[in-house]
Protein chains: 2
Amino acid sequence: MQKSVWLFSEGRSKDNALLGNKGANLCEMTALDLPVPFGFIISTETCNEFNRLGKQLPDGVMLQVMQAITEIEVQLGKKFGDPLNPLLISVRSGAAVSMPGMMDTILNLGLNDEICAGLSQKTNNPRFAIDTYRRFLQMYGDVTQSLGNEKYESVLAKFKTDHNYTSDLEMRAEDWNEIVESYKKIFQPPEAPHVQLEQSIKAVFSSWNNPRAVRYRSFNNIPDNLGTAVIVQAMVFGNMGKSSGSGVAFTRNPATGEKRFYGEYLMNAAGEDVVAGTRTPQDLEQFNAEHPDLYEKLFVLQEKLELHYREMQDLEFTVEEQKLYLLQTRTGKRTAKASVKIAVDMVNEGLIRERAALKRIEPERMNYFLHPMIDPDAEKNVIAKGLPASPGAVTGQVVFSSEEAETLADKGFKVILVRKETTPEDIHGMKASEGILTSLGGMTSHAAVVARGMGKCGISGCTEITVDYKKKEFRTTDNLVVRKKQLITLDGSSGEVMLGDVKKIQAQSDDNFQTILKWADEYRRLDVRANAETPEDVLKARELGAEGIGLCRTEHMFFEEDRIAVMRAMILAKSEKERQTYLDRLFNFQKADFREIFKIMDGLPVTIRLIDPPLHEFLPQQDADLHYLAKILHQKESELRKKISNLSEANPMLGFRGCRLSIVYPGITQMQVRAILTAAIECKQEGITAKPEIMIPLIATATELKLILATLEETAKEVFKQLHNSIDYQFGTMMEVPRACVQARTIAPNVSFMSFGTNDLTQMTYGFSRDDIGTFLPSYLEKKILPHDPFVTLDQQGVGSLIRTALKQSRSVNKKINFGICGEHGGDPRSIAFFHQTGFDYVSCSPFRIPIAKIAAAQASY
Amino acid sequence: MQKSVWLFSEGRSKDNALLGNKGANLCEMTALDLPVPFGFIISTETCNEFNRLGKQLPDGVMLQVMQAITEIEVQLGKKFGDPLNPLLISVRSGAAVSMPGMMDTILNLGLNDEICAGLSQKTNNPRFAIDTYRRFLQMYGDVTQSLGNEKYESVLAKFKTDHNYTSDLEMRAEDWNEIVESYKKIFQPPEAPHVQLEQSIKAVFSSWNNPRAVRYRSFNNIPDNLGTAVIVQAMVFGNMGKSSGSGVAFTRNPATGEKRFYGEYLMNAAGEDVVAGTRTPQDLEQFNAEHPDLYEKLFVLQEKLELHYREMQDLEFTVEEQKLYLLQTRTGKRTAKASVKIAVDMVNEGLIRERAALKRIEPERMNYFLHPMIDPDAEKNVIAKGLPASPGAVTGQVVFSSEEAETLADKGFKVILVRKETTPEDIHGMKASEGILTSLGGMTSHAAVVARGMGKCGISGCTEITVDYKKKEFRTTDNLVVRKKQLITLDGSSGEVMLGDVKKIQAQSDDNFQTILKWADEYRRLDVRANAETPEDVLKARELGAEGIGLCRTEHMFFEEDRIAVMRAMILAKSEKERQTYLDRLFNFQKADFREIFKIMDGLPVTIRLIDPPLHEFLPQQDADLHYLAKILHQKESELRKKISNLSEANPMLGFRGCRLSIVYPGITQMQVRAILTAAIECKQEGITAKPEIMIPLIATATELKLILATLEETAKEVFKQLHNSIDYQFGTMMEVPRACVQARTIAPNVSFMSFGTNDLTQMTYGFSRDDIGTFLPSYLEKKILPHDPFVTLDQQGVGSLIRTALKQSRSVNKKINFGICGEHGGDPRSIAFFHQTGFDYVSCSPFRIPIAKIAAAQASY
């Protein structure tokens with residue numbers, strides 16, 4: 001006869017295909033000699049056989065099951081179906097893959113009226129016995145008969161209403177007795193415990209093929225032939241009396257990381273009572289004082305567990321009549337600070353190696369060391385939730401325009417800029433603000449990208465608020481109105497908007513964190529550069545360890561107050577000659593900028609992207625600006641208005657921008673290249689090592705690249721001749737258009753580096769506008785159409801496939817090419833793992849994400 | 001010694017790599033025993049050797065050249081450098097690939113003062129001799145010394161100004177003499193003809209590596225090592241006196257196709273005089289009367305030529321002192337009508353086979369048989385030019401709104417709708433108009449697509465006009481103002497806008513054209529379907545031979561007057577329940593539409609695309625509509641306005657549309673599926689064979705598809721149960737998002753067909769918005785960055801690569817899948833060739849393009 005049933009003592013972790021994950025883990029704990037309530041597993045093979053036979057258990061399975069039950073009886077000293085000393089069991093499903101939607105569970109199986117009475121007598125706790133019985137009746141009816149919970153819940157609800165009870169705690173044993181009678185009318189389970197067991201096993205096996213489960217597997221590409229296992233385990237009770245109890249414990253302090261056994265317990269209580277908060281649990285010190293022998297056992301156990309798993313454990317224990325059981329042990333959750341301390345300590349204790357320690361750090365949580373956070377214990381009044389666009393926690397007065405932001409900030413007030421969305425014109429207002437809140441836009445909207453770049457707290461896509469510029473207020477979905485100058489607090493890590501001031505924890509330097517970063521530098525292969533252009537940001541980037549600038553967005557510099565008018569005049573000039581005058585003025589600005597950047601990044605590469613955004617982004621929207629412009633340009637306002645309206649586009653993201661500008665207006669390219677190279681040569685003359693890398697955005701065809709390269713080389717030659725000096729520079733392209741990826745073999749021979757602009761590449765590969773995705777993204781995430789926001793974490797299947805194609809084609813024609821990432825994904829840990837595996841040379845991200853990227857890069861390297 | 005020089009009698013067509021294209025063709029004509037002026041070719045190999053040697057001719061080349069000159073002298077009975085009977089020659093470049101930018105040519109080489117005097121004496125035509133000499137001086141200086149033409153032209157211009165001459169015809173021999181003296185001061189060529197020859201050969205070989213040519217090759221991926229040949233050929237002159245002359249002739253009538261030798265000539269005239277129009281050429285009948293022996297020779301020659309090439313020939317001949325020379329023969333250009341007649345006639349005459357006849361048809365030109373055209377002889381006043389969006393020629397009164405269009409049309413006037421761009425709200429106005437003219441938008445803008453679908457004449461992207469809705473006028477770049485009700489004419493085949501009424505030729509049925517279409521049906525493999533949804537268009541499609549509907553855009557039906565309010569109410573409904581009420585009303589409309597379509601397409605497949613455009617496209621922009629809507633919905637106007645503004649998007653093309661709507665509002669999908677299947681079953685009950693194919697647009701992930709498929713199957717089950725009947729239907733997806741192409745293997749298992757929406761796929765692959773491409777497309781075409789508008793002709797490298805990937809992946813998991821095209825490329829001949837080769841099953845295009853698509857499909861099949 002085929003072996004269908006496995007005792008916990010017969011398997012190990014590795015048997016998870018046959019026994020399911022949960023079952024295999026219980027076997028592992030048993031093998032470690034932990035006092036786990038005993039039990040057994042009916043294999044996944046049996047499930048498949050059951051379904052092949054048309055929902056019949058194969059011959060002999062129940063025989064094996066009943067033999068295994070006998071083993072439990074021996075171990076526990078109880079008897080299944082014996083009213084005097086009843087063994088109760090749980091029956092659960094457990095597949096080799098996680099399928100959270102379909103886990104069926106029946107607890108307390110093995111009860112009937114007679115056994116319930118026996119349990120009541122034995123425990124001298126009638127309420128416990130009858131409560132346990134009614135729980136069993138509900139679960140059994142729900143799982144084996146698919147009756148649903150509602151029927152049972154409504155009976156209970158009605159009873160409570162009739163008796164004016166507000167909580168289950170008010171229910172007395174007699175009350176539960178009445179409920180049990182009503183439940184039995186809904187469905188009366190078989191009397192015989194072994195029949196209950198057989199029906200339950202069949203129900204769990206059948207659930208593998210219920211429509212919900214079939215659909216779940218189809219959507220998640222899980223094969224139908226895996227099957228589920230059934231786990232049968234003895235129930236133990238901490239609420240059987242004064243010599244029983246339950247507790248939870250950590251092998252180290254989960255808040256601070258301190259190496260000290262730590263936990264709480266309650267006597268005569270079930271596990272759920274410890275965490276429910278209805279009674280106040282006591283410290284384990286107290287447990288030690290009152291039950292020194294049990295504490296000693298528990299202490300030895302936790303030491304053993306930590307040594308075995310070489311990781312801080314979170315364990316649940318139950319004492320049933322002086323006997324200690326371990327119900328669960330798992331890796332303990334901990335604060336960011338604790339995670340770093342534990343990792344470093346364990347290396348020092350010789351428990352783990354540096355690589356393993358690094359692997360345990362969650363990079364995203366390292367924001368704790370970089371930005372202020374909301375105190376987890378603080379009281380907070382959350383009024384809306386948006387996307388966690390840029391981490392940090394700030395409080396300030398609400399303002400609705402950049403002008404207001406600057407005015408109030410100048411007076412010394414802390415302000416929070418609230419906008420529908422931001423444009424490059426808002427840069428100054430954003431600088432003046434503590435944080436930024438926008439109702440529209442995704443994780444890569446203008447507001448989000450700029451906030452991250454500045455290291456400011458930011459929340460974007462907060463569709464739960466409606467901003468009214470005229471009334472100077474915003475309204476939440478609960479119709480709460482927040483007016484100008486009211487105080488709010490933003491949590492950029494959670495996306496929460498709170499009313500008033502909320503207590504914060506300031507970012508703290510930490511030696512352990514520095515140790516982790518040092519190790520990360522040793523183990524990572526990927527270089528980490530920064531996306532930055534203002535001197536402040538570039539300086540911050542270098543401080544935080546940037547190994548170069550991977551993306552310097554030249555156009556950001558055009559929005560400075562003294563420059564924007566010149567830029568606008570250049571765009572709207574009537575003749576080429578007039579345009580050149582303004583280009584010459586922009587040249588001086590740009591040269592000064594580049595000198596500053598090269599100086600700060602002395603010796604490190606600086607990748608400068610030529611002009612990228614559509615021209616209309618630079619043009620004025622306000623009458624005063626237009627008026628001024630008309631004056632200096634000697635053009636009619638109406639004419640300018642017409643020109644500006646002609647430059648507006650139906651889909652600017654797919655419009656006249658990027659290299660298309662450089663092709664149609666080569667003068668802009670010439671000016672920028674001249675500024676870059678002149679600045680670099682001037683730096684060289686001052687003993688500074690400038691390493692400019694010139695990058696062309698939005699390339700779709702090799703011909704675009706060749707044309708611009710020709711202009712660039714010609715300009716370089718002129719500059720070198722004019723200055724009687726020269727400088728090495730690299731030439732490369734941004735890869736952000738799908739066509740460039742599938743035609744990379746034609747592009748690669750012309751460049752020395754390729755930097756993937758994964759924001760735009762994601763937009764075009766999916767056909768998702770990052771500014772508009774808010775309307776359907778929530779629905780898409782909820783329905784699991786997307787596993788993550790693809791603008792935060794790279795879509796490896798789709799976008800990743802284009803990237804792999806591009807790399808493969810490029811390498812086949814140009815061995816020396818360098819590959820980088822300068823989209824927002826460059827700072828995302830999951831995406832960084834992909835970039836490492838694919839063989840990239842560097843990632844580039846917002847300055848404040850550099851430490852996070854470095855840790856992620858180190859983690860990726862094994 | 002290596003052979004460097006090839007007489008025309010020593011080569012054939014196939015030697016084009018060695019002798020260049022032009023040279024090889026001259027050899028071929030010589031081999032056919034045609035009286036071509038004799039000459040020789042210096043090989044491309046010699047060019048490479050010349051450049052290797054640092055611009056030196058290899059030893060012995062000039063010896064071979066002079067020997068070849070002797071051969072020419074013998075053949076022509078003239079002597080190179082002999083003043084009494086001079087042989088003049090031409091020296092040209094000619095590579096194996098066409099490089100139009102760098103063709104250097106020197107004519108009349110072999111002249112100096114003395115020889116010029118001799119020529120004058122021999123021809124008794126001093127003006128001829130001196131004119132020939134000055135032409136030589138200019139060309140020689142330009143080509144061998146790179147002096148440029150400007151220097152020479154300005155001397156001549158000044159002379160003419162000084163003498164008050166307005167044309168070269170007024171120049172007398174003495175005048176030319178003065179010019180010659182001035183020219184010699186610019187540059188004096190060597191006296192000796194053979195030195196002139198050597199310098200010229202060197203100049204042509206050197207031109208292979210001039211920067212212009214090198215760059216041209218780089219951009220066109222032409223290898224640098226091909227080299228150019230040099231062609232040296234005897235000059236012959238038709239202007240040597242009364243026994244000389246020149247003419248052009250066609251072996252058949254190029255206007256009508258009639259089989260009759262046809263041409264014109266002038267005695268004592270050069271070839272250019274015949275076409276210049278300064279003297280009126282005479283018919284060849286006259287030539288026959290005056291020079292019967294020469295005519296007889298020419299007649300035999302043309303018969304021989306047509307038989308050899310099996311194609312209508314356009315030939316140039318010269319008679320020099322009673323001796324007939326053929327200078328050129330090439331395939332003759334002809335009208336669309338003639339091309340069809342000649343092809344069919346030649347099949348009947350046994351000259352060519354049906355396949356060859358089909359191959360000679362230019363599908364695009366078959367619009368002649370389908371739409372009225374501007375009479376080529378008509379006088380026209382072209383005031384602006386736009387994109388030829390939809391063929392045809394129409395005249396009407398200008399109107400600037402759809403309302404005006406309808407009002408005037410109702411009164412019986414013919415109108416032309418002029419807009420910046422059109423939206424779905426303009427459908428009625430477009431229907432009422434003869435033609436549509438828009439200042440914005442490309443070849444796949446709304447106006448262009450709808451005009452083609454309706455078979456209306458249309459011009460889009462006419463940036464040369466500025467439309468002013470307020471003043472009700474448009475202004476051209478020449479500041480011409482056209483006001484409401486003024487008459488204009490549009491030529492949709494050329495994109496020309498003309499003032500007033502212009503004479504037209506009506507489209508004519510033609511038996512020959514029908515024969516061609518019959519042959520096309522026999523030879524093509526691709527099916528041809530139509531993009532259509534209104535009963536008129538569907539009917540037209542069936543008439544024109546559609547083999548199904550490949551794209552029925554359901555949403556077009558929502559814009560009908562009685563429906564748009566219901567659609568708007570559905571979108572803006574406050575509750576799901578209210579939304580369902582409006583969906584139920586839309587159901588009735590849709591069901592009626594589908595019944596009509598199924599009826600017309602009885603027995604043929606109808607592919608119906610579920611709702612696609614962003615919802616805000618349906619929403620009202622005018623106050624009156626908003627007012628009405630507020631009333632029926634019992635909502636405040638201000639609230640509605642806010643809702644509508646919330647639905648607007650930064651990049652609607654990448655926004656909340658396509659399957660994203662079906663996912664978030666499954667009620668719309670359910671309604672549409674119910675309408676399709678109910679209509680199909682009702683048709684079935686009436687004996688009509690409905691073959692619905694339900695198509696989901698804008699799929700980016702397999703999960704989207706699976707979710708919608710689940711909704712669809714559930715709805716189908718309900719409909720079948722409710723109607724106690726069922727119908728076969730197909731389920732498929734549009735492939736228009738790059739991600740879907742690179743992940744096709746996950747999508748293919750779920751569908752029975754895939755239809756590529758190449759408009760959107762092109763937008764996303766290039767990152768080009770078809771509505772905004774107008775700003776840079778002209779520059780991109782001019783600079784050869786793009787060979788064609790990628791929205792007209794498929795980009796085979798980029799977009800095509802994604803399509804090939806999708807087909808390959810799909811076939812690997814689903815052998816039975818059907819592949820179609822429903823983008824605008826489905827009607828483009830060049831693109832159709834690609835679709836055939838890639839193994840598509842069908843293309844779908846505007847009804848009026850069906851005949852064109854069928855011919856293109858037949859041409860592609862060999």
Side-chain angles (χ1 to χ4, degrees), chain A residues 215 218-219 221 421 440-441 466 614 642 646-647 649-658 660-661 663-664 698 700-701 703-704 706-707 710 736-743 746 760 763-773 775-776 779-780 783-786 795 797-799 801-802 805, chain B residues 215 218-219 221 421 440-441 466 614 642 646-647 649-656 658 660-661 663-664 698 700-704 706-707 710 736-743 746 760 763-773 775-776 779-780 783-786 795 797-799 801-802 805:
Chain A
R215 198 150 152 188
S218 158
F219 279 110
N221 293 315
E421 54 197 338
L440 304 175
T466 314
K642 208 176 271 178
N646 280 346
L647 277 171
E649 295 180 302
N651 297 285
M653 207 49 92
L654 305 177
F656 187 32
R657 54 178 281 241
R660 300 161 198 174
L661 297 171
I663 300 260
V664 178
L698 217 68
T701 77
T703 316
E704 290 169 320
K706 287 179 191 169
L707 274 173
E736 46 189 344
V737 174
R739 192 180 190 282
C741 291
V742 298
Q743 280 287 294
T746 65
D760 267 301
Q763 292 200 98
M764 294 178 203
T765 305
Y766 267 106
F768 286 167
S769 160
R770 64 190 193 193
D771 296 317
D772 304 314
I773 196 177
T775 28
F776 56 91
S779 203
Y780 266 51
K783 295 192 163 116
K784 310 254 181 239
I785 295 171
L786 299 172
D795 160 43
Q797 279 74 47
V799 181
S801 147
L802 285 171
T805 299
Chain B
R215 198 152 151 186
S218 158
F219 278 109
N221 293 316
E421 55 196 337
L440 304 176
T466 313
K642 209 175 270 179
N646 280 346
L647 277 170
E649 295 180 301
N651 297 284
M653 208 49 94
L654 306 177
F656 187 33
R660 299 162 199 174
L661 297 172
I663 300 255
V664 178
L698 217 67
T701 75
T703 315
E704 291 169 320
K706 287 180 192 171
L707 273 174
E736 46 189 344
V737 174
R739 193 180 189 281
C741 291
V742 297
Q743 281 285 295
T746 64
D760 267 302
Q763 292 200 99
M764 293 178 205
T765 305
Y766 267 107
F768 286 168
S769 158
R770 64 190 194 194
D771 296 316
D772 304 313
I773 195 175
T775 27
F776 56 92
S779 203
Y780 266 51
K783 295 194 162 116
K784 310 255 182 239
I785 295 172
L786 299 173
D795 160 43
Q797 280 75 48
V799 182
S801 147
L802 284 173
T805 299

Side chain, backbone, both or neither: which part of A710(B) has an atom under 4.5 Å from a heavy atom of chain A?
-> side chain

Mind listing the closest non-hydrogen atom pair of I785(A) and E704(B) along with its distance?
-> CG2-CG, 3.6 Å

Side-chain donor/acceptor of D771(A) to backbone N/O of A650(B), under 3.5 Å | no

Highest number of heavy-atom pairs under 4.5 Å with chain A: which of C741(B), S779(B), G658(B), P652(B)?
-> P652(B)

Which of L707(B), L661(B), V664(B), L647(B) touches chain A most, by non-hydrogen pairs under 4.5 Å = L707(B)

Can you tell me how far the CG atom of L440(B) sits from the CD atom of E649(A), to the nearest 0.5 Å?
-> 11.0 Å

Pair Q797(A)-T746(B), side-chain contact (heavy atoms from CB on, under 4.5 Å): steps then yes or no = CA-CA 10 Å; Q797(A) 279 74 47; T746(B) 64; over 6 Å; no

For residues T765(B) and V737(A), report the shortest heavy-atom separation together with the two atoms involved.
-> O-CG1, 3.0 Å

What part of D795(A) lies closer than 4.5 angstrom to a heavy atom of chain B: side chain, backbone, both or neither?
-> side chain

To the nearest 0.5 angstrom, please state how far the OG atom of S769(A) sits from the CE atom of M653(B).
-> 12.0 Å

On a heavy-atom basis, the closest approach of Y766(A) and A700(B) is CD2-CB, 3.8 Å

Side chain, backbone, both or neither: which part of N646(B) has an atom under 4.5 Å from a heavy atom of chain A?
-> neither

Atom of G767(A), atom of M764(B) and distance for their closest heavy-atom approach = CA-SD, 3.6 Å

Apply the test side-chain contact (heavy atoms from CB on, under 4.5 Å) to residues L802(A) and V742(B): give CA-CA distance (whole Å), side-chain angles for both, the deciding distance (0.1 Å), then the verdict.
-> CA-CA 8 Å; L802(A) 285 171; V742(B) 297; 3.9 Å; yes

When every non-hydrogen atom of I663(B) is compared with those of K783(A), the smallest separation belongs to O-NZ, 3.1 Å

Indicate the atoms forming the closest heavy-atom contact of K642(A) with T466(B), along with that distance.
-> CD-CG2, 4.4 Å

Out of T703(B), L698(B), I773(B), which one racks up the most heavy-atom pairs below 4.5 Å with chain A?
-> T703(B)

Most contacts with chain B, counted as non-hydrogen pairs under 4.5 angstrom, among D772(A), T701(A), L786(A) | D772(A)

